[in-house]
Engineer: 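What follows is a single structure, and I will ask about it in a moment.
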Amino acid sequence: MAGFKSDFMRIVHERGMVHQCSDAARLDELLASGVRTAYIGFDCTADSLHIGHLMQIMLLRWWQRTGHKPIALMGGGTTKVGDPSGKDETRQLLTPQQIDANMASIRKSFANYLSFGSGPTDALMVDNAEWLDTLLYIPLLRDVGRHFSVNRMLTMDSVKLRLERDQPLTFLEFNYMILQSYDFVELHKRHRCILQMGGSDQWGNIVMGADLGRRMAGAELFALTSPLLATASGAKMGKTAGGAVWLNPDRLGPYEFWQYWRNTEDADVGRFLKIFTDLPLGDIARLEALKGQEVNEAKKVLATEVTALAHGRKAAEEAAETARRTFEEGARADTLPSVSMPRARLTAGIAAFELFHEAGLAESRNEARKLIKGGGGRLNDKPIAADTVTVGEGDLDSSGTLKLSAGRKRHVLVRAT
């Protein structure tokens, strides 16, 4: 956008990745005059990040690609408290061993997005347990707590919404924003970090951290948030009927990941290409202009480019080829998702609706029945006449495999073992 001196500020504004920014002109000036450091925090509540985190990861990627140093802050300490933002109930407290295991697994999510190392613009991965676990309670209250107004803390959405809904907020959770703010101070002291980024629901916490840095260290710190994304139809990004769209391949394979993006709503294609890929804006404008059936080509590009970042180019191209063979040629592709089933169960025979549920093509048996009764269930590319049809050993091919399909786009191979 016109007016910005720094590549980072221009690019993230052009791509629609900014919701709010504190003193954007001053931040832009600093970014144009040297290498700067920014961070985003990620708590370790699961063993993988999901696509709800993806815009944050892309912000760090653009930060690095425009010549600056990104920090991915792992919440080994803050996860022990639990972020109350957007939650009506207290998060389940995890053991230190669970947090460590989740953190080790989450690290894989960043592998294809950031370049880590010891150079001036190489990314760092830091664990806030390094300083939070060693804090003493009375010194924390005196040195940090005195800078926080309870009146102001009660106005934060993470607190206010819970109280307005008459949902309990523990004193432990109430401290989360203090610890998050203190992270910013420590990262400034240790790594000369000047910017914290996050989702728009984190704006209040981030601004409080910048204010704490000014009060405790006289530091000039900044806040930048991205918009919370929803699809054009209003659905929350990152959720499907089958659950979260995870970034780690052991939670969701490249083919299923590719399919999620291939099924993007027409109205979202251009926006998602800008946010979730590195493609030049000129290429995106050309893809965004496609109409009718041609928009499917843009969706395939989106799916392949996003999957290439998450899983690597080879896995993305294999997923695209599997989809092409499956949907365009009607072939059975060996790289489709698969499940194993004891051959004895197929020898005895299993109801089609049971098999669809167990194969993960329906969340419940009732949903599987509705799918088949509505004509959306297929066995080896042929419609299933009724939900009670028995699937047996005779439906296996010479390799001991059969193919189930839910609609035109979801397929699973069942392999007899």
Side-chain angles (χ1 to χ4, degrees), residues 48 50-51 238-264 299-300 303-304 307 310-311 315-417:
S48 170
H50 54 73
I51 65 167
K239 295 289 184 181
T240 68
V245 182
W246 301 102
L247 296 183
N248 282 19
D250 53 348
R251 292 295 300 269
L252 187 73
Y255 177 79
E256 293 95 334
F257 189 81
W258 189 96
Q259 276 297 327
Y260 173 84
W261 296 98
R262 169 63 181 82
N263 294 333
T264 294
K299 292 181 182 181
K300 292 174 188 175
T304 301
T307 306
H311 298 293
E317 291 176 352
E318 287 176 353
E321 176 60 14
T322 297
R324 187 190 68 78
R325 289 178 56 199
T326 304
F327 305 137
E328 295 176 10
E329 298 178 3
R332 175 181 297 181
D334 290 336
T335 48
L336 283 174
S338 65
V339 296
S340 297
M341 178 164 289
R343 184 177 287 269
R345 290 198 65 198
L346 290 165
T347 300
I350 180 171
F353 75 90
E354 291 274 2
L355 188 56
F356 268 74
H357 172 57
E358 291 186 28
L361 288 172
E363 284 199 310
S364 66
R365 290 172 176 80
N366 281 339
E367 184 182 306
R369 286 181 184 274
K370 290 178 184 176
L371 172 73
I372 296 169
K373 287 178 179 177
R378 299 174 76 86
L379 170 64
N380 294 329
D381 296 321
K382 295 178 181 177
I384 301 173
D387 59 317
T388 53
V389 163
T390 299
V391 181
E393 194 168 16
D395 295 301
L396 297 171
D397 65 12
S398 59
S399 67
T401 303
L402 61 84
K403 178 183 175 185
L404 298 179
S405 304
R408 295 180 61 247
K409 297 180 178 179
R410 297 172 59 221
H411 309 268
V412 170
L413 298 181
V414 178
R415 301 185 189 277
T417 57

Engineer: Looking at every heavy atom in both R378 and P383, which two are closest together, and how far apart are they?
Structural biologist: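 That closest heavy-atom pairing would be NH1-CG, 3.6 Å.
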Engineer: What are the two closest non-hydrogen atoms of M341 and L355, and how far apart are they?
Structural biologist: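 Heavy atoms only, the tightest pair is CE-CD1, 3.5 Å.
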Engineer: What are the two closest non-hydrogen atoms of T347 and E393, and how far apart are they?
Structural biologist: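 Reported closest heavy-atom pair: OG1-OE1, 3.1 Å.
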Engineer: Determine, for K370 against E367, whether the closest basic-nitrogen to carboxylate-oxygen distance falls under 4.0 angstrom.
Structural biologist: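 Judged by the 4.0 Å cut-off on N to carboxylate O distance, K370 and E367 do not form a salt bridge.
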Engineer: So how far is it from T401 OG1 to R415 CZ, rounded to the nearest 0.5 Å?
Structural biologist: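 Those atoms lie 4.5 Å apart.
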Engineer: Hey, does T390 have a side-chain heavy atom less than 4.5 Å from the side chain of I350?
Structural biologist: no
Engineer: Report yes or no: does H411 contribute a side-chain atom to a donor-acceptor pair with the main-chain N or O of S405 at less than 3.5 Å?
Structural biologist: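 Checking the backbone N and O of S405 against the side chain of H411, no donor-acceptor pair under 3.5 Å is found.
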Engineer: L346 and A416: which non-hydrogen atoms are nearest, and at how many Å?
Structural biologist: CD1-CB, 4.1 Å
Engineer: Would the distance check show the side chain of T417 and the main-chain N or O of S340 forming a donor-acceptor pair, the cut-off being under 3.5 Å?
Structural biologist: no
Engineer: Would you please test V389 and I372 for side chain to side chain contact (heavy atoms under 4.5 Å, CB included) and show each step?
Structural biologist: CA-CA 10 Å; V389 163; I372 296 169; over 6 Å; no
Engineer: Taking the side chain from N380 and the backbone from D395, do they hold a donor-acceptor pair closer than 3.5 Å?
Structural biologist: yes
Engineer: With the side chain counted from C-beta on, respond yes when T307 and Y255 share a heavy-atom pair under 4.5 Å apart, and no when they do not.
Structural biologist: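 No - every pair of side-chain heavy atoms lies 4.5 Å or more apart.
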Engineer: Decide, yes or no, whether a salt bridge links R345 with E358 under the criterion of side-chain N to carboxylate O below 4.0 Å.
Structural biologist: yes
Engineer: Tell me, do K382 and L379 make a side-chain contact under 4.5 Å, heavy atoms counted?
Structural biologist: no
Engineer: If you round to the nearest 0.5 Å, how far is CZ of R410 from CD of Q259?
Structural biologist: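 Here the interatomic distance stands at 10.0 Å.
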Engineer: Drop me the distance from W246's CH2 to E256's CD, to the nearest 0.5 angstrom.
Structural biologist: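 Here the interatomic distance stands at 14.5 Å.
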Engineer: Would you find a donor on one side and an acceptor on the other, under 3.5 Å apart, between the side chain of R369 and the backbone of F353?
Structural biologist: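 No; judged by distance alone, with no hydrogens or angles, the pair does not exist.
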Engineer: Specify the closest pair of heavy atoms between W258 and A316, including all atoms of both residues, with the distance to one decimal.
Structural biologist: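 Smallest heavy-atom distance, with atoms named: CD1-O, 4.0 Å.
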Engineer: Between L413 and L402, does the side chain to side chain contact (heavy atoms under 4.5 Å, CB included) criterion hold? Intermediate values first, please.
Structural biologist: CA-CA 6 Å; L413 298 181; L402 61 84; over 6 Å; no
Engineer: Nearest 0.5 Å please: distance from the CZ atom of R365 over to the CD atom of E354.
Structural biologist: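 One gets 4.5 Å once the value is rounded to the nearest 0.5 Å.
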Engineer: Roughly how far apart are H311 NE2 and N248 CG, rounded to 0.5 Å?
Structural biologist: 8.0 Å
Engineer: Which atom pair, heavy atoms only, marks the closest approach of I384 to A352?
Structural biologist: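 Closest heavy-atom pair between I384 and A352: CG2-CB, 4.2 Å.
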Engineer: Would you say that D387 contacts F356 through its side chain, given a criterion of any heavy-atom pair below 4.5 Å between the two side chains?
Structural biologist: no
Engineer: Rounded to the nearest 0.5 Å, how far does OH of Y260 lie from CG of L252?
Structural biologist: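 Going from CG on L252 over to OH on Y260, the span is 11.0 Å.
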